[in-house]
Every structure is written in C-alpha cells, then in structure tokens.
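For reference, the structure discussed in these notes is given below.
Here the structure is a predicted model, which is why all the values come from computation and not from measurement.
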Amino acid sequence: MARTQKNKATEYHLGQLKAKIAKLRTQLLEPPKGSSGGGDGFEVTKFGHGRVALIGFPSVGKSTLLTMLTGTHSEAASYEFTTLTCIPGIIHYNDTKIQLLDLPGIIEGASEGKGRGRQVIAVAKSSDLVLMVLDASKSEGHRQILTKELEAVGLRLNKRPPQIYFKKKKTGGISFNSTLPLTHVDEKLCYQILHEYKIHNAEVLFREDATVDDLIDVIEGNRKYIKCVYVYNKIDVIGIDDVDKLARQPNSVVISCNLKLNLDRLLSKMWEEMGLVRVYTKPQGQQPDFSDPVVLSADRGGCTVEDFCNHIHRSLIKDVKYVLVWGISARHYPQHCGLSHPLQDEDVVQIVKKKEKEEGGRGRFKSHSTAPARISDREKKAPLKT
C-alpha cells in the first residue's frame with residue numbers, strides 16, 4: 001500500500017488491500033479455535049453508574065491520578081510498570097458513583113499482545129469513557145501511537161458509527177443505494193470489498209458520504225465507538241505557552257497531579273462527556289427525594305420515561321397511566337407525559353398508576369352475572385311447604 005500511488009485508477013486496488021488487511025487483522029485478534037478461555041484477564045465487576053478507564057504509557061501518572069480522584073491507594077513508584085493488574089476506584093461526583101479503572105501501561109505493539117496489551121485494551125472496550133493520560137513533557141507522537149494501537153483492535157475514539165445500513169441476505173445479489181452523491185466509494189469498489197469478504201448477497205444503503213474504512217467497519221461489525229478525553233499530566237514541568245497550546249486542543253484537559261492543578265475541570269469534563277442524566281422520584285402527595293437519584297445514560301439503555309420505568313422495575317410499565325415531569329425537559333410545571341418523553345439532567349418524575357378496577361360493579365351494572373353457566377348446575381329451590 002505504501003508503494004502504490006493514490007489516484008483514481010488505483011483506488012479500487014487500495015480499497016481491496018484495505019479490506020484484506022482488516023480481514024487478516026480480525027483473524028489475528030480472534031483466539032485460536034479449540035483453545036479454552038485464555039489465561040487470567042483482569043476484568044473487574046461493573047459497579048456504579050458509569051465506567052472510566054485510564055489508558056496511557058507507563059509512568060505518566062495514571063496511578064497517582066486514581067489515588068487523587070478516588071482515595072483508593074494505587075502503588076506509584078519511579079520505575080515503569082508499577083501497576084500490573086487493574087485497580088478499581090470509585091469517584092463520588094454529583095450524587096453518582098463513577099468507577100475509575102487504573103490499567104497497566106500500554107507500549108507500542110500492545111494490539112499484538114505485547115506487555116499484556118490485549119487484556120488492557122479489552123477492559124477499555126467495556127468502559128463508557130477512556131481517559132488517555134499523556135505526559136505533557138514528552139513528544140506529541142505518543143497520542144498517535146496510542147490511538148493507532150486502539151484502532152487496530154476495533155476501538156474508534158470520538159467517532160460516531162457511520163450511517164450505513166448493511167444487511168446480509170440469502171439470495172438476490174448485492175443491491176447498492178445511497179441517499180446522496182458519494183465521493184469516496186462507488187458501486188464497483190463496494191462490490192470488490194464485499195467480494196473480499198465472500199459476501200455475494202447483501203443490501204447496502206449509504207446515508208452519508210462515508211469512506212472505505214467506514215464501510216469495512218460496518219461489514220466487520222465488531223467495532224466499538226467510545227468517547228475519549230486526552231489528559232495531559234505533568235504540566236508543572238513545561239512552559240505556560242505549551243500548556244496553553246495543549247489546553248486549546250479538542251477533547252483535551254491539562255492537569256498536574258503533583259501540584260493538584262485543574263482536577264475539578266477534569267471531573268466536570270468527564271461528567272459532560274459521559275452524559276449521565278439524574279432523575280429524582282416524587283411519591284404522590286410528598287416532597288421529591290433528592291438524596292438518591294435514578295441515573296440514566298444514552299450508552300446504557302437510554303434516557304426516556306420508558307427507560308426510567310424499566311430501571312425501577314420491569315413490570316412497572318404495564319401499570320403506568322401517565323407521568324408528571326418537573327425540570328428542564330418539561331414545557332410547563334408539571335407536564336403530563338407519555339412513555340416516549342426524553343428526560344434531562346435533574347428532572348423530577350412522578351408516576352401515576354392505573355386504578356385497579358373493582359371486580360364486578362354493582363346492581364344492574366354488573367359486568368357478569370354470578371349465575372352458573374349451565375342450567376343443570378343451578379341450585380334447586382326447596383319445594384314450597386303447603
């Protein structure tokens with residue numbers, strides 16, 4: 001690929017090569033068939049309302065950051081690879097509990113399994129947000145290396161899933177459609193890539209002007225799209241101009257664990273990126289309970305009234321008559337809402353259940369008579385005494 005010129009004539013060839021590489025990569029990452037669960041991973045039980053993983057090179061201050069934010073002691077020393085397993089801690093922020101995971105350092109070649117890199121990245125895959133901890137005094141190349149390692153195993157940082165509809169079929173060949181003019185991919189290239197994956201019957205619909213890599217991601221189907229915040233630590237050892245330059249980059253926060261600088265900004269940035277929604281409950285005729293919110297998020301389920309009801313109890317949804325909402329999402333207080341109403345942070349919700357119907361009714365309004373179904377089963381009256 002490096003030797004091939006990039007122009008109109010070679011783009012089909014390059015597209016095929018990209019598909020081949022992606023296919024071979026996937027085969028490399030899959031554990032060999034017949035092998036039992038490989039070694040001891042360091043997966044930690046999910047806890048709290050969100051999960052944040054710390055990823056970075058050795059000795060950039062991940063363990064110190066965990067100790068600062070959570071109070072959980074994580075061993076920190078002046079040699080590399082001090083942390084050897086996953087160490088969890090809990091951040092209590094805005095009435096929610098966020099699990100923070102301190103992972104061992106990643107080195108170049110981690111996606112091939114160097115330095116337990118596979119297990120580290122597997123834990124990062126299961127988190128809601130990745131904090132990439134970088135050393136402000138080192139070169140900018142570290143960020144590219146880490147991003148490359150994560151992309152190699154199917155993690156896409158700060159991207160959204162491409163708007164491509166793809167469905168395999170039994171027969172009927174390949175139907176290729178797009179809702180707008182495409183500049184990167186055309187029908188022939190799409191056919192060649194699908195041919196590479198031995199897919200001959202499928203439906204493909206492009207809803208955006210996507211690239212070849214996006215199409216390959218959709219066909220592979222095992223990509224994880226995660227938000228990432230770049231945290232530059234050790235800003236106390238570089239000049240103010242460099243700090244200013246780093247702080248102005250998108251999705252970046254500059255901190256210093258040594259002097260405890262800017263940690264509150266880091267927490268608020270994490271909160272903003274995770275998009276957690278706190279919803280308070282209000283029993284009928286009582287004050288709202290502001291001590292224990294129900295925490296919803298778009299990544300874990302969704303933020304509608306229906307998701308809120310399911311969060312409390314699965315069977316609650318059948319009994320809901322309507323819901324009263326106070327807060328940012330309501331147009332007026334209180335607003336009568338249905339199950340599809342989207343909730344926002346710090347809303348107050350009161351659920352009104354359906355009334356239990358009285359069995360039977362009364363008098364001539366009875367819904368069903370108490371008489372037996374068959375005439376022969378009726379009670380015989382005693383004969384009149386004469």
Side-chain angles (χ1 to χ4, degrees), residues 43-52 88 90-101 123 125-129 160-161 165 167 221-222 224-227 270-271 273-363 365-370 372-373:
E43 183 54 72
V44 176
T45 315
K46 271 198 178 185
F47 178 82
H49 304 115
R51 186 179 218 190
V52 180
I90 302 294
I91 304 173
H92 294 274
Y93 188 71
N94 285 355
D95 291 337
T96 60
K97 298 186 187 81
I98 299 170
Q99 187 181 38
L100 189 66
L101 301 179
V123 174
K125 250 186 173 173
S126 67
S127 58
D128 303 312
L129 176 72
R160 53 183 187 75
Y165 170 75
K167 189 183 177 191
N222 58 357
K224 186 99 167 50
Y225 297 87
I226 289 189
K227 291 184 182 126
M270 267 167 53
W271 176 262
E273 288 294 325
M274 289 174 83
L276 295 178
V277 172
R278 290 164 294 170
V279 181
Y280 299 101
T281 53
K282 179 185 179 305
Q284 275 177 308
Q286 294 174 33
Q287 289 295 318
D289 173 21
F290 287 119
S291 59
D292 190 18
V294 174
V295 181
L296 308 168
S297 74
D299 300 333
R300 295 191 182 190
C303 299
T304 61
V305 172
E306 186 174 354
D307 303 315
F308 168 72
C309 294
N310 284 334
H311 203 281
I312 294 170
H313 199 277
R314 288 271 172 216
S315 66
L316 181 63
I317 220 152
K318 296 198 290 288
D319 304 331
V320 174
K321 188 177 182 185
Y322 60 87
V323 173
L324 295 175
V325 177
W326 291 259
I328 306 170
S329 67
R331 293 200 190 117
H332 46 82
Y333 300 154
Q335 184 180 341
H336 277 237
C337 299
L339 293 174
S340 58
H341 176 76
L343 295 168
Q344 304 235 1
D345 195 23
E346 298 199 303
D347 278 358
V348 175
V349 172
Q350 175 183 323
I351 295 172
V352 179
K353 293 168 113 179
K354 292 172 186 162
K355 288 261 191 328
E356 294 289 330
K357 280 182 184 160
E358 283 181 24
E359 269 305 309
R362 6 160 80 143
F365 300 109
K366 277 189 178 177
S367 53
H368 52 269
S369 69
T370 51

How close do [X] and [Y] get, heavy atom to heavy atom, and via which atoms?
X      : Y      : value
Leu339 : Cys309 : CD2-SG, 4.3 Å
Gly302 : Leu296 : O-CB, 3.6 Å
Val349 : Val279 : CG2-CG1, 3.5 Å
Leu343 : Val277 : O-CG1, 4.1 Å
Ala298 : Cys303 : N-SG, 3.7 Å
Val295 : His311 : O-NE2, 3.7 Å

Going by atom types alone, do Thr96 and Asn94 pair a side-chain donor with an acceptor below 3.5 Å?
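No donor-acceptor contact under 3.5 Å links the two side chains.
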Among side-chain atoms of Ser329 and Asp347, is any donor-acceptor pair under 3.5 angstrom?
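Note: Ser329 and Asp347 side chains meet the donor-acceptor criterion.
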Any non-hydrogen side-chain atom of [X] less than 4.5 Å from a side-chain atom of [Y]?
X      : Y      : result
Lys282 : Trp326 : yes
Gln350 : Pro283 : no
His336 : Leu324 : yes

If we ignore hydrogens and angles and just use 3.5 Å, is the side chain of [X] paired with the main-chain N or O of [Y] as donor and acceptor?
X      : Y      : result
Lys354 : Lys318 : yes
Glu346 : Ile328 : no
Lys227 : Glu273 : yes

Please identify each residue that fulfils ring pair (Phe, Tyr, Trp, His ring centres under 6.0 Å) with [X], with sequence neighbours left out.
X      : value
Phe290 : Tyr280
Phe47  : none
His92  : none

Quick one, Val352 with Val323, criterion side-chain contact (heavy atoms from CB on, under 4.5 Å). Give me CA distance, side-chain angles, the key distance, then yes/no.
CA-CA 6 Å; Val352 179; Val323 173; over 6 Å; no
Results of salt bridge (charged side-chain N to carboxylate O under 4.0 Å, His left out) for Arg160 - residues two or more places apart only:
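Scan of Arg160 (salt bridge (charged side-chain N to carboxylate O under 4.0 Å, His left out), adjacent residues dropped) gives Glu208.
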[X] [atom1] to [Y] [atom2] distance, which is reported to the nearest 0.5 Å:
X      : Y      : atom1 : atom2 : value
Asp292 : Thr281 : CG    : OG1   : 7.5 Å
Leu129 : Ser297 : CG    : OG    : 11.5 Å
Asp95  : Leu276 : CG    : CG    : 12.0 Å
Ile351 : Lys321 : CD1   : NZ    : 14.5 Å

Using the side chain to side chain donor-acceptor pair (under 3.5 Å) criterion, which residues pair with Glu306? Sequence neighbours excluded.
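Testing Glu306 for side chain to side chain donor-acceptor pair (under 3.5 Å), a comparison that skips the adjacent residues, returns none.
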Pairs flagged by salt bridge (charged side-chain N to carboxylate O under 4.0 Å, His left out) wherever residues 328-345 is involved - sequence neighbours left out
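Non-adjacent pairs meeting salt bridge (charged side-chain N to carboxylate O under 4.0 Å, His left out): Arg278-Asp345.
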Applying side-chain contact (heavy atoms from CB on, under 4.5 Å) to Met270 and Ile91, what does each step give before you reach the verdict?
CA-CA 11 Å; Met270 267 167 53; Ile91 304 173; 3.7 Å; yes
side-chain contact (heavy atoms from CB on, under 4.5 Å) between Gln99 and Ile90: does it pass, once the steps are laid out?
CA-CA 5 Å; Gln99 187 181 38; Ile90 302 294; 4.3 Å; yes
I would like to know whether Met274 and Ile98 meet side-chain contact (heavy atoms from CB on, under 4.5 Å); could you show each step before the answer?
CA-CA 10 Å; Met274 289 174 83; Ile98 299 170; 4.1 Å; yes
Evaluate the ring planes of Tyr93 and Trp271, with Trp represented by its six-membered ring, and classify them as parallel (under 30°), tilted (30 to 60°) or perpendicular (over 60°).
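Tyr93 vs Trp271 ring planes: perpendicular.
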